[in-house]
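Below you'll find the structure, written out as structure tokens, and then a few comments.
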Amino acid sequence: MTSNSTPSGLARFNALEEHAAHAALHEACAATAWAKRLLAARPYATADDLYAASDAAMAELTAEDLAEAMAGHPPIGRPKPGDPTSAREQRGMAGASEELKAEMLELNLAYQDKFGHVFLICATGRTGEQMRDAVKERIGNSPEQEREIVRAELGKINRIRLARLVDEDRSSRKTEEDA
């Protein structure tokens with residue numbers, strides 16, 4: 001949203017005390033370096049400014065920072081119990097057949113064996129079959145190629161999560177979703 005005044009959800013984020021803002025950012029991305037960069041650039045005039053800062057911070061993450069970020073993501077097909085964000089993002093696997101779920105588990109394990117971390121993809125809006133096809137395609141990548149794909153996928157996930165964080169109607173929607 002671009003306007004002359006700061007959207008109310010973004011204004012709420014800008015006004016949070018540092019520890020609360022850090023906790024909110026940690027919910028979006030577990031990489032401490034990313035959160036620190038975003039905190040240091042507050043206040044944001046527009047959501048686009050926040051997204052640009054996120055993209056810039058993502059581009060500078062080290063391999064260790066990326067590993068820290070990935071550690072905050074559950075494997076595809078196994079959202080964190082009790083975590084509505086994880087369940088919402090992986091909705092495409094919720095209705096998958098038992099056969100597809102078993103195949104994803106096998107592919108997740110093979111991917112993790114090869115790369116040393118979970119298969120990470122921006123799952124929002126993707127079907128179980130699309131996620132399966134993506135892991136099958138990406139398992140042939142080199143570690144360097146995969147690290148950059150993971151960086152791009154994390155960037156997409158972070159933008160979606162930041163949008164939810166600063167959305168003006170977030171608190172009313174959250175109440176409806178939790179009901």
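Computed from a prediction, not measured in an experiment: that's the story for all the values here.
- For the atom pair CD (Glu137) and CG (Asp133), the distance works out to 8.5 Å, reported to the nearest 0.5 Å.
- Counting all heavy atoms, side chain and backbone alike, Leu61 lies closest to Arg151 at O-NH1, 2.9 Å.
- Of the inter-residue distances, the one linking Ile149 atom CD1 with Asn141 atom CG reads 4.0 Å to the nearest 0.5 angstrom.
- When all heavy atoms of Ile139 and Tyr111 are compared, the pair lying nearest together is CD1-N, 3.5 Å.
- No side-chain heavy atom of Leu16 sits less than 4.5 Å from a side-chain heavy atom of His22.
- With contacts defined as side-chain heavy-atom distances shorter than 4.5 Å, the pair Tyr51/Thr46 does not qualify.
- Here the straight-line distance linking atom CZ of Arg132 with atom CZ of Phe119 works out to 12.0 Å at 0.5 Å rounding.
- Of the inter-residue distances, the one linking Arg159 atom CZ with Ser54 atom OG reads 7.0 Å to the nearest 0.5 angstrom.
- Side-chain contact between Asn108 and Val118 is absent, with no heavy-atom pair separated by less than 4.5 Å.
- Contact check for Glu153 versus Lys156: side-chain heavy atoms found under the 4.5 Å cut-off.
- Annotation: the span from Met104 atom CE to Met131 atom CE amounts to 6.5 Å, rounded to 0.5 Å.
- Put simply, NE2 on His26 and NE2 on His19 are 15.0 Å apart, with the number rounded to the nearest 0.5 Å.
- A donor-acceptor contact shorter than 3.5 Å is absent between the side chain of Glu18 and the backbone of Leu39.
- The minimum heavy-atom distance between Ala134 and Ile121, with the atom names listed, is CB-CD1, 3.5 Å.
- No path of Ile, Leu, Val, Met, Phe, Trp and Tyr side chains, each step under 4.5 Å between heavy atoms, connects Leu50 with Ile160, placing them in separate hydrophobic clusters.
- For the pair Lys136 and Glu103, the minimum side-chain heavy-atom distance is below 4.5 Å.
- Side-chain contact between Tyr44 and Arg42 is present, with at least one heavy-atom pair separated by less than 4.5 Å.
- At a threshold of 4.5 Å between non-hydrogen side-chain atoms, the residues Val150 and Arg138 count as touching.
- The local environment of CD in Glu148 is crowded, with over 12 non-hydrogen atoms from other residues, nucleotides or ligands closer than 6.0 Å.
- Pairing each heavy atom of Ala24 with each of Leu165, the nearest pair is CB-CD1, 3.8 Å.
- Summarising the local packing, CD of Glu144 is surrounded by more than 12 heavy atoms from other residues, nucleotides or ligands at distances under 6.0 Å.
- Between the side chain of Asp167 and the main chain of Ala163, no donor-acceptor pair closer than 3.5 Å is present.
- In terms of heavy-atom proximity, Ala57 sits nearest to Trp34 at CB-CD1, 3.6 Å.
- Of all heavy-atom pairs between Asn158 and Ala28, the closest is OD1-O, 3.4 Å.
- Using a 4.5 Å heavy-atom cutoff, the side chains of Leu162 and Leu25 are in contact.
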